[in-house]
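Encoded as structure tokens, the structure appears first; notes follow it.
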Amino acid sequence: QVQLVESGGGLVQAGGSLRLSCTASGRTFSSYNMGWFRQAPGKEREFVAVISWSGDNSYYADSVKGRSTISRDNAKSTLYLQMSSLKPEDTAVYYCAADRHYYSIGQLTTTNHYDYWGQGTQVTVSS
């Protein structure tokens, strides 16, 4: 089992940048595909980005493509999401999640393919 803890959220003005981190406990972080999701008030949790266990493959939601970069440091058991050109519609609680079943990148755009979730970190973008 792995525990995930997100950090790095906060209040930022539109056009600004943030880097979210997700630190995992345990020794098996490097074997998990990892994803970022977000959930705004009154909305369903939605996919943001995913990265393969090796870091070789990644995929982004259209809403953040070109403005965000997902990366990982397996030696530090940490996942990152660098976000720039932030918009008010990016306001949400951001969650990281881990997949231990080696689903394909395409399958990892939905919440049901993940086994572990963090508690979330709030990102608020003011206009």
Worksheet item: Any idea which heavy atoms bring Ser31 and Thr28 closest together, and the distance?
Response: OG-O, 2.7 Å
Discussion item. If hydrophobic clusters are built from ILVMFWY residues whose side chains come within less than 4.5 Å, do Ile70 and Val2 share one?
Written reply: yes
Worksheet item: Between Tyr32 and Tyr102, does the ring centroid distance fall short of 6.0 Å?
Response: no
Worksheet, complete the sentence: Heavy-atom closest pair (Asp90 atom, Arg67 atom, distance to 0.1 Å) is OD2-NH1, 2.8 Å
Item to complete: Answer yes or no: are there more than 12 heavy-atom neighbours, outside Gln3 itself, under 6.0 Å from its atom CD?
Response: no
Worksheet item: When rounded to the nearest 0.5 angstrom, what distance separates CZ in Arg38 from CD in Glu89?
Response: 8.0 Å
Worksheet item: Considering only heavy atoms from C-beta outward, does the side chain of Gln119 approach that of Glu6 to under 4.5 Å?
Response: yes
Discussion item. Quick check: do Tyr103 and Thr110 have side-chain heavy atoms less than 4.5 Å from each other?
Written reply: no
Discussion item. Quick check for you: to the nearest 0.5 Å, what is the distance between Ile105 atom CD1 and Asp99 atom CG?
Written reply: 8.5 Å
Worksheet entry | Short side-chain to backbone donor-acceptor contact, His113 and Leu108, under 3.5 Å | no
Worksheet item: Are Leu81 and Thr69 close enough that some pair of their side-chain heavy atoms sits under 4.5 Å apart?
Response: no
Worksheet item: Could you walk me through whether Tyr94 and Cys22 pass the side chain to side chain contact (heavy atoms under 4.5 Å, CB included) check?
Response: CA-CA 10 Å; Tyr94 283 70; Cys22 170; over 6 Å; no
Worksheet item: If you round to the nearest 0.5 Å, how far is OG of Ser126 from CD of Gln13?
Response: 5.0 Å
Worksheet entry | Val64 reachable from Phe37 in the ILVMFWY side-chain graph, under 4.5 Å edges | no
Worksheet item: In Å and rounded to the nearest 0.5 Å, what is the CD to CD distance from Gln39 to Gln122?
Response: 11.0 Å
Worksheet item: OG1 of Thr23 to OH of Tyr80: how many Å apart, nearest 0.5 Å?
Response: 7.0 Å
Worksheet item: Got a donor-acceptor contact below 3.5 angstrom from the Thr78 side chain to the Lys76 backbone?
Response: yes
Discussion item. Check for me whether Arg72 meets the cation-pi criterion with Trp53, that is, NZ or CZ under 6.0 Å from the six-membered ring centre and within 45 degrees of the ring axis.
Written reply: no
Discussion item. If we ignore hydrogens and angles and just use 3.5 Å, is the side chain of Thr91 paired with the main-chain N or O of Thr124 as donor and acceptor?
Written reply: no
Discussion item. Taking Phe47 as the starting point, is it possible to reach Ile51 by hopping between hydrophobic residues whose side chains are less than 4.5 Å apart?
Written reply: no
Worksheet item: Just wondering, more than 12 heavy atoms not from Lys43 lying within 6.0 Å of its NZ?
Response: no
Worksheet, complete the sentence: Shortest non-hydrogen pair, Ala97 vs Tyr114, comes out as CB-CD2, 3.4 Å
Item to complete: Report yes if some heavy atom in the side chain of Phe29 is under 4.5 Å from a heavy atom in the side chain of Met34; otherwise report no.
Response: yes
Item to complete: Please test Ser7 against Thr121 for side chain to side chain contact (heavy atoms under 4.5 Å, CB included), starting from the C-alpha separation and ending with a verdict.
Response: CA-CA 6 Å; Ser7 61; Thr121 186; 5.6 Å; no
Practice prompt. Identify the two heavy atoms, one from Ala92 and one from Ala40, that lie closest to each other, and give their separation to 0.1 Å.
Written response: CB-N, 3.8 Å
Worksheet item: Is there side-chain contact between Val123 and Leu20, with heavy atoms separated by less than 4.5 Å?
Response: yes
Worksheet item: Regarding Arg45 and the six-membered ring of Tyr95, is the cationic atom NZ or CZ under 6.0 Å from the ring centre and inside 45° of its axis?
Response: yes
Discussion item. As an exercise, state the distance from OG of Ser21 to CG of Leu4, rounded to the nearest 0.5 Å.
Written reply: 12.5 Å
Worksheet item: Are Met83 and Trp36 in one and the same hydrophobic cluster, where Ile, Leu, Val, Met, Phe, Trp and Tyr link if side-chain heavy atoms are under 4.5 Å apart?
Response: yes
Worksheet item: Taking all non-hydrogen atoms of both residues, which atom of Ser85 and which atom of Ser17 are closest, and how far apart?
Response: N-OG, 4.4 Å
Worksheet entry | Verify same cluster id: Leu79, Tyr59 (apolar side-chain graph, 4.5 Å) | no
